Amino acid sequence: MAGLNVSLSFFFATFALCEAARRASKALLPVGAYEVFAREAVGAVQLGACCLEMRTLVELGPWAGDFGPDLLLTLLFLLFLAHGVTLDGASANPTVSLQEFLMAEESLPGTLLKLAAQGLGMQAACTLTRLCWAWELSDLHLLQSLMAQSCSSALCTSVPHGALVEAACAFCFHLTLLHLRHSPPAYSVPAVALLVTVTAYTAGPFTSAFFNPALAASVTFACSGHTLLEYVQVYWLGPLTGKGRGGVGSLGLLGPTEHPGTWGPAGWR
């Protein structure tokens, strides 16, 4: 269980450092700069680092640490709960930022800044996480550090099927977020955490269930096994298509008099 303890310490340290960065940014930067750039960048670092460490547990844990699926799914659910509480309204997801722009809830410059912050944050997360793995604090990190140079693709199915899976995940995700946008966090955060956990369990074996273009680009685009165009079709066009369908579907749920908004307090949107 030493490897699991190191991973748990990694998660705690990531949340603590990102929370400190959020508070410092909020105190030092203007409100607009914090909400449009700093909050998204820190949220992307938090999301990306935790995703990379979780992938290590999922890929290596069952045979190197004897971790069962019940433990991994429980940990994933708890991570989503923690993200929902701590991200302070950041989405760390380009599809959510584009949805806000299309709904006239964010200006074009603000949307572009959010997208840039999300991309930079994800890349920073990859760099910092691989640096942590290089310290070889556990057997899992040692193995992951050795394998990092020749990572395997997260896409384990055909390109059309993978794009359909990512689109379906994004559709369910965005539709749920829009449906829960007026719900109190005590209900919405666990609901979304449960949804993403179930989605990861069902779609994970095919595409890893990213439904986040920035996260997928930083985690798997550099891995061998598929071309850049194939990755773009699955992990960019798939979620964007699903997001669009989710937005259209939400109009029927919301009714003609309501204006669809985005769900704020719980991250990983």
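Computed from a prediction, not measured in an experiment: that's the story for all the values here.
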Handout entry: Phe221/Trp236 aromatic ring centres below 6.0 Å
Key = yes

Exercise for the section: Return yes if some donor-acceptor pair links the side-chain N/O of Ser138 with the main-chain N/O of Val6 below 3.5 Å, else return no. Expected result: no

Problem - is_close_aromatic(His174, Phe211), centroid dist under 6.0 Å - result: no

Problem - Ser153 versus Ser224, closest heavy-atom pair with distance - result: CB-O, 3.4 Å

Fill in the blank from the handout: Tightest non-hydrogen contact, residues Ala200 and Pro205, listed as O-CD, 4.2 Å

Exercise for the section: Check the side chains of Thr86 and Gln46 for a donor-acceptor pair under 3.5 angstrom, ignoring hydrogens and angles. Expected result: yes

Handout entry: Heavy-atom pair with the smallest gap, counting every atom of Ala170 and Lys243
Key = CB-N, 4.0 Å

Handout entry: Fellow cluster residues of Leu128, listed by chain then number, with links counted only when side-chain atoms sit under 4.5 Å apart
Key = none

Problem - Donor-acceptor contact below 3.5 Å, side chain Arg39 vs main chain Asp88 - result: yes

Exercise for the section: Evaluate the side-chain hydrogen bond (donor to acceptor under 3.5 Å, both in side chains) criterion for residues Ser7 and Glu53: first the C-alpha distance (whole Å), next the side-chain angles of each, then the deciding distance (0.1 Å), finally the verdict. Expected result: CA-CA 7 Å; Ser7 293; Glu53 185 66 16; 2.6 Å; yes

Exercise for the section: State whether the side chain of Ser145 and the backbone N or O of Leu142 hold a donor-acceptor pair below 3.5 Å, judged by distance alone. Expected result: no

Completion exercise
Closest non-hydrogen atoms of Gln123 and Ser218, given as atom of the first, atom of the second and distance, are NE2-CB, 3.6 Å

Exercise for the section: Can you see which heavy atom on Cys172 is nearest to which on Thr176, and at what distance? Expected result: O-OG1, 2.7 Å

Exercise for the section: Answer yes or no: is there a donor N or O on one side and an acceptor on the other, between the side chain of Tyr235 and the main chain of Leu215, under 3.5 Å? Expected result: no

